[in-house]
Chemist: 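Just dropping this structure here.
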Amino acid sequence: MHSFTYRNDILHGEDVNLEELADRVGTPAYVYSANTIRANYRRLDAALAPLPHTICYAVKANSNLAILDLLRREGAGFDIVSGGELFRVQRAGGEASRCTFAGVGKTTAEITAALQAGIYSLNVESEAELERINAVAGSLGVRAPVAVRVNPDVDAKTHKYISTGTSQNKFGVGLDRAADVYARAAKLPHLVLRGVQTHIGSQILEPEPFAEAAAKLIPLVESLRDHHGIEFFSIGGGVGIEYNAALASGDPAWWESADHPRRITPEDYAAAIVPILKPLGLRIFFEPGRFMVGNAGVLLSTVQYVKKTPAKTFTVVDAGMNDLIRPALYEGFHEVAPLRVTPGEPVVMDVVGPVCESGDFFAQDRPLPPLAAEDRIALMSAGAYGFVMASNYNSRPLPVEVLVDGAEWKIVRERQTPEDLIRGESLAG
Ligand code: LLP
């Protein structure tokens with residue numbers, strides 16, 4: 001689902017004309033659609049209705065306060081990975097008691113803050129971490145709720161940087177060791193065993209790996225339920241989205257139709273896992289990030305120059321890899337959509353940013369409508385892992401973020417200023 005469509009040849013986000021918006025707020029600018037996010041939440045929630053479940057939105061995908069607030073109002077809990085994300089959730093009105101805390105490197109300070117705030121579960125990635133949590137809880141005079149992240153050794157068939165459920169990566173505890181780790185945890189006096197967690201990777205476009213991972217863990221989960229009274233089983237996030245054809249037809253009905261090449265829907269996902277998970281009788285947690293916000297965001301940019309060389313046509317835009325790093329880091333594909341439909345034959349071009357790196361590209365050798373200086377484009381499906389992975393590289397201020405809701409829009413994070421770039425810095429002498 002998305003809400004970015006052409007009306008009278010101009011791209012709109014919901015009912016907002018994005019060309020006019022770009023004139024008002026400047027570029028580069030992230031624009032998010034509130035109603036797309038709401039619809040995504042409600043669709044997944046409905047598909048999972050046969051299970052007692054909690055959707056803990058993976059904050060890392062997009063942690064803007066306005067988006068956290070919107071999802072909190074829909075009923076989401078949160079999956080966090082740092083003290084900073086906990087702080088954001090709390091600032092957005094969220095409760096730690098509706099948060100799970102994942103990550104391989106939780107510091108003593110982060111564990112302390114999470115326990116003091118009343119975290120629902122610390123999802124533990126190693127025995128050393130269990131010992132640390134036990135010690136911190138003891139010193140605070142509390143019992144820490146924990147789940148162990150179990151690595152099912154399943155191939156998620158996704159990019160190697162975002163595949164997490166095989167024995168080759170740093171995450172979780174192997175399935176063969178999980179029972180021993182739980183036995184150890186059960187002996188530590190300041191812990192309460194609350195659940196089991198797994199997550200096999202991100203941008204997964206087929207239901208089978210999720211079903212395989214869930215099925216592999218069932219015997220362990222049943223045994224923990226029977227012997228330790230755990231409350232939940234989290235099967236993580238990872239539901240993929242369509243990047244390649246977000247706007248190809250300009251028709252949202254086509255997007256939902258059977259002709260669409262999309263390979264996973266919330267309903268497919270639920271159909272694969274519900275039969276496996278329902279007999280457990282436990283609360284099932286889901287940690288979707290990308291699915292909630294990916295197609296709900298675009299990055300607007302303005303063409304600066306068109307540079308033709310004997311080999312290529314380079315369209316140089318004012319957004320760079322510092323604003324959206326996915327193409328550079330994962331060869332991630334983002335559709336390039338002109339904000340105004342321009343007549344003319346497609347031109348094969350590279351769309352590149354101003355950053356001093358050859359990896360600073362958004363499209364390579366891609367046929368696109370002819371573009372000229374001052375034309376505006378949208379880099380589609382940039383709502384997840386876009387702004388959150390942006391940096392100040394090349395001393396470029398972080399872009400403005402805007403939330404569109406129907407015909408209304410609001411700046412939900414100001415564009416950084418040059419002063420922001422040097423905040424906290426000082427001369428040595
Ligand atoms: N739960 C855990 C424990 C995770 O590690 C992640 C993502 C999620 C949930 C949410 O996964 P999602 O539903 O968004 O796939 N920057 C990369 C993606 C990194 C994902 C990291 N972990 C990208 O831009 O493709």
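Atoms within a ligand are numbered from 1 in the order they appear, just like the ligands themselves. Nothing here was measured: the structure is a model prediction, and the numbers come from that model.
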Chemist: Hey, which atoms in ligand 1 end up nearer than 4.0 Å to a heavy atom of Arg290?
Modeler: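 Answer, ordered by atom number: 12 (P), 13 (O), 14 (O), 18 (C), 23 (C), 25 (O).
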
Chemist: Indicate, as side chain, backbone, both or neither, the part of Arg326 found under 4.0 angstrom from ligand 1 when only non-hydrogen atoms are considered.
Modeler: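 Near ligand 1, Arg326 shows its side chain, while the N, CA, C and O stay back.
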
Chemist: Any N/O of Gln197 closer than 3.5 Å to an N/O of ligand 1?
Modeler: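 No, no N or O pair falls under 3.5 Å.
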
Chemist: Heavy atom of Pro288 under 4.0 Å from ligand 1?
Modeler: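 Pro288 counts as a contact of ligand 1 under the 4.0 Å cut-off.
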
Chemist: Give the atom numbers and elements of ligand 1 that come within less than 4.0 Å of a heavy atom of Ser202.
Modeler: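 It comes down to these atoms of ligand 1: 11 (O), 12 (P), 14 (O), 15 (O), 18 (C), 20 (C).
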
Chemist: Is it true that His334 and Tyr243 have ring centroids separated by less than 6.0 Å?
Modeler: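 Ring centroids of His334 and Tyr243 are less than 6.0 Å from each other.
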
Chemist: Would Tyr269 and Phe210 count as a close aromatic pair, with their ring centres under 6.0 Å?
Modeler: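 Yes: the rings meet the under 6.0 Å criterion.
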
Chemist: How close do Ser381 and Ile241 get, heavy atom to heavy atom, and via which atoms?
Modeler: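 Shortest heavy-atom contact: CB-CD1, 4.4 Å.
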
Chemist: Measure across Tyr385 and Leu324 and return the closest heavy-atom pair with its distance rounded to 0.1 Å.
Modeler: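 Taking Tyr385 first and Leu324 second, the nearest heavy atoms are O-CD1, 4.3 Å.
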
Chemist: Test of understanding: given a 4.0 Å heavy-atom threshold, classify the contact between Tyr330 and ligand 1 as side chain, backbone, both, or neither.
Modeler: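 The side chain, only.
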
Chemist: Using heavy atoms and a threshold below 4.0 Å, how should the contact between Asp79 and ligand 1 be classified: side chain, backbone, both, or neither?
Modeler: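 Contact part for Asp79 vs ligand 1: side chain (C-beta onward).
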
Chemist: With a 4.0 Å cut-off on heavy atoms, is Gly238 touching ligand 1?
Modeler: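 It does; at least one heavy atom falls under 4.0 Å.
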
Chemist: I need the minimum non-hydrogen distance between Phe171 and Asn151, along with the two atoms involved.
Modeler: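 Shortest heavy-atom contact: O-ND2, 3.1 Å.
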
Chemist: For the atom pair OH (Tyr393) and SG (Cys356), what is the distance rounded to the nearest 0.5 Å?
Modeler: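 Taking OH in Tyr393 and SG in Cys356, the distance rounds to 7.0 Å.
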
Chemist: Would you mind listing which atoms of ligand 1 come within a distance below 4.0 Å of any non-hydrogen atom of Glu287?
Modeler: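 So the answer, numbered in order with elements, is 1 (N), 2 (C), 3 (C), 8 (C), 9 (C), 10 (C), 13 (O).
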
Chemist: For atom 11 (O) of ligand 1, tell me which residue out of Met292, His199, Arg149, Met389 has the closest non-hydrogen atom.
Modeler: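 Result: the heavy atom closest to atom 11 (O) of ligand 1 is in His199.
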
Chemist: Can you confirm if the NZ or CZ of Arg366 lies within 45° of the ring axis of Phe333 and under 6.0 Å from the centre of its six-membered ring?
Modeler: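 Yes, Arg366 and Phe333 form such a contact.
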
Chemist: Could you say whether the N/O atoms of Gly289 and ligand 1 ever approach to under 3.5 Å?
Modeler: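 Yes; at least one N/O pair falls below 3.5 Å.
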
Chemist: Do Phe232 and Tyr120 have ring centroids that are under 6.0 Å from one another?
Modeler: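 Ring centroids of Tyr120 and Phe232 are less than 6.0 Å from each other.
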
